[in-house]
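Worksheet for the structure shown next.
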Amino acid sequence: MQQFISQLIAHFKGRNVKNCITSCSDSLTLLEDNKAEGKTIFSTITDELYIKQSCFSIHNPTNKAINLWAIDGCFTGKGKPLSNKYPKKCDAAFGYEGYIAFIEFKLDAESSANPKTIETNRTTALQQIGNTLLFLKESLQIEGSYFVIEGYTIVAFLCTPPDYPKFSATNTDEAAAFLEKYGVSLFDVNETAI
């Protein structure tokens with residue numbers, strides 16, 4: 001992810017990108033959209049229920065250095081848009097060499113059993129990730145139809161409450177449409193392994 005970070009630092013000189021990037025190499029690396037800090041951070045909380053309800057887990061058995069770029073609340077500032085053209089943005093991006101993942105947290109979303117609320121939350125989250133991809137594609141002057149950086153696998157994660165339905169035909173259709181529109185695979189899970 002160092003090449004990508006270098007591009008960000010060189011291109012966005014006025015936004016002090018360096019202050020928005022942190023690293024962690026824990027075997028279980030946890031990301032949390034921390035309300036007190038107003039941005040996504042590496043979490044050190046070990047309570048299993050808290051992790052399940054509030055964190056995105058990265059199983060990292062080889063202790064690779066994972067970089068976290070806090071977009072919402074750091075790169076953009078609290079409550080500020082990416083740009084006039086792209087007001088919505090995702091929470092963060094994380095990665096390591098050869099891999100970049102964009103993530104939007106909706107863990108605190110009202111869920112209950114209301115399908116309309118779930119649909120609205122998902123739609124908003126997909127717009128936030130999509131806007132971030134388009135903003136970066138244009139800002140970094142990446143040619144072609146999609147946000148592509150040579151040598152990198154680029155994916156996106158939608159992190160939703162544990163009681164949200166995860167594997168339905170609708171979600172599969174959403175992931176396929178997202179891939180077709182942005183060229184990025186979308187996953188509706190709260191954990192990954194590297």
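Keep in mind that this is a model prediction, so the values were computed, not measured.
Of the inter-residue distances, the one linking N63 atom CG with C24 atom SG reads 9.0 Å to the nearest 0.5 angstrom. From E191, atom CD reaches atom SG of C55 across 11.5 Å, with rounding to the nearest 0.5 Å. Rounded to the nearest 0.5 Å, atoms NZ (K64) and CG (D26) are 15.5 Å apart. From F4, atom CZ reaches atom CD1 of I9 across 11.0 Å, with rounding to the nearest 0.5 Å. The distance from the CD1 atom of I142 to the CD atom of Q7 is 6.5 Å, given to the nearest 0.5 Å. Expressed to the nearest 0.5 Å, how far CD1 of I194 lies from OG1 of T62 amounts to 5.5 Å.
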Kindly indicate, with the supporting measurements, whether the criterion side-chain contact (heavy atoms from CB on, under 4.5 Å) is fulfilled by V17 and F75. CA-CA 6 Å; V17 174; F75 176 71; 3.9 Å; yes
For K106 and D108, what are the C-alpha separation, side-chain angles and deciding distance, and is it a salt bridge (Lys or Arg N to Asp or Glu O under 4.0 Å)? CA-CA 5 Å; K106 293 295 183 202; D108 61 351; over 6 Å; no
For side-chain contact (heavy atoms from CB on, under 4.5 Å), just list the numbers for R122 and L158, CA-CA rounded to whole Å, side-chain angles, deciding distance to a tenth of an Å, and then say yes or no. CA-CA 8 Å; R122 277 208 169 93; L158 175 56; 3.9 Å; yes
Residue pair L136, L82: steps toward the side-chain contact (heavy atoms from CB on, under 4.5 Å) verdict: CA-CA 10 Å; L136 289 171; L82 281 169; over 6 Å; no
Would Y146 and I154 satisfy side-chain contact (heavy atoms from CB on, under 4.5 Å), going step by step from the backbone distance to the final call? CA-CA 11 Å; Y146 302 126; I154 300 172; over 6 Å; no
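Aromatic ring centres of W69 and F94 lie farther apart than the 6.0 Å criterion allows. The aromatic ring centroids of F102 and F157 lie 6.0 Å or more from each other. Between F135 and F12, the ring centre distance stays below 6.0 Å.
The hydrophobic clustering, which links ILVMFWY residues whose side-chain heavy atoms are closer than 4.5 Å, places F187 and L179 apart. Under the 4.5 Å side-chain contact rule for hydrophobic residues, F105 and V155 share a cluster. The hydrophobic clustering, which links ILVMFWY residues whose side-chain heavy atoms are closer than 4.5 Å, places I5 and L133 together. With hydrophobic clusters built from ILVMFWY side chains whose heavy atoms lie under 4.5 angstrom apart, F56 does not share a cluster with L30. Under the 4.5 Å side-chain contact rule for hydrophobic residues, V189 and I103 share a cluster.
When atom types are taken as modelled, the side chain of Y182 and the backbone of L134 share no donor-acceptor pair closer than 3.5 angstrom. Judged purely by atom type and a 3.5 angstrom limit, E97 uses its side chain to pair as donor or acceptor with the backbone of M1. K39 places no side-chain N or O within 3.5 Å of a backbone atom of A70 that could act as its donor or acceptor partner. Of the possible polar contacts, one joining the H11 side chain to the S139 backbone as a donor-acceptor pair under 3.5 Å is found. Between the side chain of T132 and the backbone N or O of Q128, at least one donor-acceptor pair lies under 3.5 Å.
Counting heavy atoms of neighbouring residues, nucleotides and ligands inside a 6.0 Å radius, atom NZ of K181 does not exceed 12 of them.
D91 is not listed as a side-chain neighbour of I71, based on a closest heavy-atom distance of 4.5 Å or more. Proximity of P87 to N131: side-chain heavy atoms (C-beta onward) are separated by under 4.5 Å at one or more points. Under the 4.5 Å side-chain criterion, counting only non-hydrogen atoms from C-beta, L68 is not in contact with I21. Side-chain contact between I58 and I66 is present, with at least one heavy-atom pair separated by less than 4.5 Å.
The shortest heavy-atom contact between A156 and F178 is CB-CE2, 4.1 Å.
N67 and T22 form no side-chain donor-acceptor contact under 3.5 Å, judged by distance and modelled atom types alone. Side chain to side chain, K89 and Q127 fail the donor-acceptor criterion of an N or O pair below 3.5 Å.
In this view, Y86 satisfies the ring pair (Phe, Tyr, Trp, His ring centres under 6.0 Å) rule with no residue, not counting sequence neighbours.
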Tabulate below the donor-acceptor pairs under 3.5 Å that side-chain atoms of residues 40-52 make, not counting sequence neighbours, or state none.
| unit_1 | atom_1 | unit_2 | atom_2 | d |
| --- | --- | --- | --- | --- |
| S43 | OG | E32 | OE1 | 3.2 |
| S43 | OG | I45 | N | 3.3 |
| D47 | OD2 | L49 | N | 3.4 |
| D47 | OD2 | Y50 | N | 2.8 |
| Y50 | OH | E32 | OE2 | 2.2 |

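Salt bridge D72/K80: absent, no basic N to carboxylate O contact under 4.0 Å.
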